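Residue numbering restarts at 1 for every chain, and letters A, B, ... go by the order of the sequence lines. For clarity, every value in this text was computed on a predicted model and none was experimentally measured.
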Amino acid sequence: MVRFASARRGALALAAALAVLAFGYSPFFARADRGNTVTIDNFTFGPNDLAVAVGANVVWTNRDDIPHTVVSADAPAGLKSPPLDTDDHFEVRFDKAGIYKYFCSIHPKMTGTITVR
Amino acid sequence: MTDPIEPNAPGRASRRAILKCAVWAGAGVLWTVSVGVPRAGVLGGTARAADLASADFSFVQISDSHIGFNKEANPDAVGTFKKLLARVRAMSPPPAFMVHTGDVSHLSRDAEWDTAQQLIKETGFETHFIPGEHDMLADDGKPFFARFSPGATPGGWSSFDRNGVHFVALINVANLKPGGQGNLGAEQIAWLENDLRDRSASQPIVVLAHMPLWLISAEWGWGTDDAAQALSALKRFGSVTVLNGHIHQVMQKIDGNVSFHTAMSTAFPQPAPGTAPSPGPMKVDAGKLRTLLGVRTVNYVLGQSALAIVDHPLGA
């Protein structure tokens with residue numbers, strides 16, 4: 001199970017919430033543990049392969065001056081962020097072990113993996 | 001400026017200038033069509049009147065306006081867009097129409113599209129739009145298609161004829177695959193094959209698509225995964241001109257009867273492949289940007305595959 005959290009702006013958060021509801025997940029908007037971060041810089045997710053514990057939150061932050069997204073690479077789609085403009089965040093809680101492959105749907109060469117165990 | 005894809009071949013430049021291309025940072029390219037061979041020249045260039053006088057008709061390509069972009073590479077993308085459109089409005093004789101080859105908006109926001117649409121409407125020119133990936137960020141592009149190409153097929157692609165030239169507007173920014181590049185999809189390619197099937201091979205074809213239909217950089221995803229299938233349907237035609245945006249710089253390639261041209265952005269430049277860690281907006285100060293303005297002459301000799309390219313910086 002994947003839980004989504006805040007984006008930077010209200011409108012984006014709402015979009016995220018709607019996306020989450022479409023998948024039957026419950027959104028929440030409180031910022032939790034910030035230990036697991038993925039930074040988007042120079043069209044790259046870093047670290048490219050991040051391992052976290054079950055129940056951990058992961059926060060993506062876009063440091064590029066071009067928007068990016070975080071979208072599941074494998075069907076069914078579980079991850080689907082709104083467009084993240086510069087310095088926008090996207091936060092997800094991973095409640096189930098597994099390998100979550102994702103990409104930027106704007107720049108599909110950008111791919112990454114979250115391994116939850 | 002030099003072109004990393006096609007080296008200069010000045011030996012061909014002096015013979016017969018059939019196709020001229022322009023480099024103009026923050027501006028557009030004026031295309032004219034005469035006896036089936038599209039030609040290009042810089043907006044506001046002195047040779048324009050003569051080019052137009054001998055042309056059957058002309059049209060303007062604008063691209064990558066990224067309305068909403070406000071970062072360091074150009075804090076005023078609306079302002080540069082307005083300047084471009086003012087140049088188009090000043091053309092005499094005027095172009096028959098304009099094409100916008102995508103990334104009208106930066107973040108698929110209604111306010112961004114509103115601004116672009118209003119400014120383009122004020123020019124009075126009929127304008128054909130295709131989306132870039134930045135226009136597909138809301139509801140799989142449905143708001144873009146509803147606003148800018150309501151008469152297109154459900155997938156967004158379409159075709160039209162002007163003065164004997166057949167224009168095909170393709171969508172290669174939908175359903176992008178992880179790790180992939182631009183994507184046309186089997187349904188669109190089947191539509192294209194059908195659209196072209198009964199046409200005479202002597203009819204000039206102009207193809208519009210946002211992402212390049214030839215591989216410019218695999219690392220940066222500057223290509224279209226299934227372009228080869230679309231191009232095979234175009235092979236039998238004697239004159240095919242492919243106009244793309246997306247990479248915010250001018251590059252050309254000739255392959256048989258097919259010529260490929262990417263356009264400048266009106267918003268910000270991007271680096272040439274291999275010259276920067278990423279394809280993100282290229283930051284240059286205003287003075288430097290002025291030195292990047294220039295004209296490019298491309299001489300295309302019918303029946304020969306080589307391009308001859310000469311670049312002429314405008315300076316300050």
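Looking at B:A218, the atoms closer than 4.5 Å to chain A (heavy atoms on both sides) all sit in the backbone: N, CA, C or O. Heavy-atom distances place the backbone of B:K177, and not its side chain, under 4.5 Å from chain A. Residue contact with chain A, scored on non-hydrogen atoms closer than 4.5 Å, involves the backbone of B:E219 exclusively.
Checked against the 6.0 Å centroid criterion, the rings of A:H68 and A:F45 do not qualify as a close aromatic pair.
Within the structure, the salt bridge (charged side-chain N to carboxylate O under 4.0 Å, His left out) test picks out the following pairs touching residues 46-73 of chain A (sequence neighbours left out): A:R63-A:D87, A:D65-B:K283.
A donor-acceptor pair is defined here as one N or O able to donate and one able to accept, closer than 3.5 Å; no such pair exists between the side chain of B:Q61 and the backbone of B:H100. B:E193 contributes no side-chain N or O that, together with a main-chain N or O of B:A233, makes up a donor-acceptor pair within less than 3.5 Å.
Scanning residues 107-117 of chain A against chain B with a 4.5 Å heavy-atom cutoff picks out A:H107, A:P108, A:K109, A:T111, ordered by number.
For the residue pair B:D64 and B:S265, no side-chain donor N or O sits within less than 3.5 Å of a side-chain acceptor on the partner.
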Can you list the steps and then say if B:T115 with B:V78 is a side chain to side chain contact (heavy atoms under 4.5 Å, CB included)? CA-CA 8 Å; B:T115 298; B:V78 172; 4.2 Å; yes
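Under the 30°/60° scheme for interplanar angles, the aromatic rings of B:W214 and B:F260 are found to be tilted.
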